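Here the structure is laid out as structure tokens; the discussion comes afterwards.
Source: prediction; values computed, not measured.
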Amino acid sequence: ESLNERMGSLNQKAQQISAIMTEVTSLRNLFTMPKGAGGAGERLLDKALHDILSSDMYRTQVRLSSGTVDFVVKFKDCMVPIDSKLPLEDFNRMLAANDDTAKRSHWKSFVGAVKRRIDETSKYILPGEKTTDFALMYIPSESVYYEAFIKDTQFGEENGLIDYALKKRVYPTSPQTIYPYLMTISQGMKALKIEENAKEILAKVNALRNDYERFKSIYNIII
């Protein structure tokens, strides 16, 4: 009877452990992006652009001499290139590794993959083709963005990915940080529009003043 009670208690504990492991697996899945997330990333970026900008302020799949960029935001006579990048394979391997040696190895591979994505984005910086002298790289995963560009150190070594990106004039963004960039661009566009309207009003005022001078001259002659 005592043995049966202990066996029953062990079964209950085993079930509890199984439930906890299921929760841990689900939690890890939140940070492990699926392989097909690249297309979803472009859809998320499209939604962010749609939320902030009007449809005539950006274009999708724009061909440049260096390739096709996912999006461009039209800013007066220039275009701001925005490309969606998600270096997943080494990131997922780093999460799945059981020891620090393997994690460090996959981290270094992850750094190399991120640098290649930065280089790919920088090729869309083409002022000769009316792009701005910078580009935005959109990473549709906050966890990937955090590990790549926010975390100062990895395995006791300084994380230099953000410096590498800035040297290439590429500004990394994420689902949360893309909005301030787009709001800044939107406000800049509104300011330019106000400036253009002010110039138009000033031109009309000058034309009206010329008309008044001609009227005054004719009126003096009549008098």
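Nearest heavy atom pair, residue Val72 against residue Val62, reads CG2-CG2, 3.4 Å. Closest approach of Val170 and Met137 over heavy atoms only: CG1-CB, 3.7 Å. What you find for Pro81 and Phe134 is that their closest heavy atoms are CD-O, 3.5 Å. The heavy-atom pair separating Phe149 from Ala165 by the smallest distance is CE2-CB, 4.3 Å. The minimum heavy-atom distance between Ala48 and Leu182, with the atom names listed, is O-CD1, 3.7 Å. The shortest heavy-atom contact between Tyr58 and Lys74 is N-CE, 4.3 Å.
Rounding to the nearest 0.5 Å gives a distance of 4.0 Å between OG of Ser143 and CZ of Phe91. Between the CG atom in Leu49 and the CZ atom in Phe71 there is a gap of 6.0 Å [rounded to 0.5 Å]. To the nearest 0.5 angstrom, Tyr138 atom OH is 10.5 Å from Ile82 atom CD1. The distance from atom CZ of Arg43 to atom OG of Ser84, rounded to the nearest 0.5 Å, is 10.5 Å.
Although no hydrogens or angles enter the test, the distance criterion places a donor-acceptor pair under 3.5 Å between the side chain of Tyr124 and the main chain of Thr68. Looking at Thr173, its side chain never comes within 3.5 Å of a backbone N or O of Ile178 through a donor-acceptor pair. Under a 3.5 Å cut-off, the side chain of Glu129 and the backbone N or O of Ser65 do form a donor-acceptor pair. Between the side chain of Asp70 and the backbone N or O of Gln61 there is no donor-acceptor pair closer than 3.5 Å. Using a distance-only test at 3.5 Å, with no hydrogens or angles considered, a donor-acceptor pair links the side chain of Arg104 to the main chain of Phe155. When atom types are taken as modelled, the side chain of Ser105 and the backbone of Ala102 share no donor-acceptor pair closer than 3.5 angstrom. Remark: side-chain polar atoms of Thr153 are not paired, donor with acceptor, to backbone N or O of Gly156 under 3.5 angstrom. Using modelled atom types, one side-chain atom of Lys103 and one backbone atom of Ala97 make a donor-acceptor pair closer than 3.5 Å.
Counting only N and O atoms by type, the side chains of Tyr164 and Asn159 include no donor and acceptor under 3.5 Å apart.
A salt bridge is defined here as a Lys NZ or Arg NE, NH1 or NH2 lying under 4.0 Å from an Asp or Glu carboxylate O, and Asp51 with Lys47 meets this definition.
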Requested in this report: Show your reasoning for whether salt bridge (Lys or Arg N to Asp or Glu O under 4.0 Å) applies to Asp119 and Lys168.
Outcome: CA-CA 7 Å; Asp119 293 340; Lys168 294 282 185 174; 3.6 Å; yes

Report task. Please step through salt bridge (Lys or Arg N to Asp or Glu O under 4.0 Å) for the pair Arg93 and Glu89, ending with a clear verdict. Result -> CA-CA 6 Å; Arg93 290 194 190 105; Glu89 293 184 4; 3.7 Å; yes

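In this structure, the side chains of Val73 and Met79 stay at 4.5 Å or more apart for every pair of heavy atoms. You'll find the side chain of Ser141 reaches within 4.5 Å of the side chain of Leu86, heavy atoms only.
The environment of Glu158 atom CD is sparse: at most 12 non-hydrogen atoms of other residues, nucleotides or ligands sit within 6.0 angstrom. More than 12 non-hydrogen atoms from other residues, nucleotides or ligands lie less than 6.0 angstrom from NZ of Lys123.
In the hydrophobic clustering of ILVMFWY residues, with side-chain heavy atoms under 4.5 Å counting as a link, Val69 and Ile125 come out apart.
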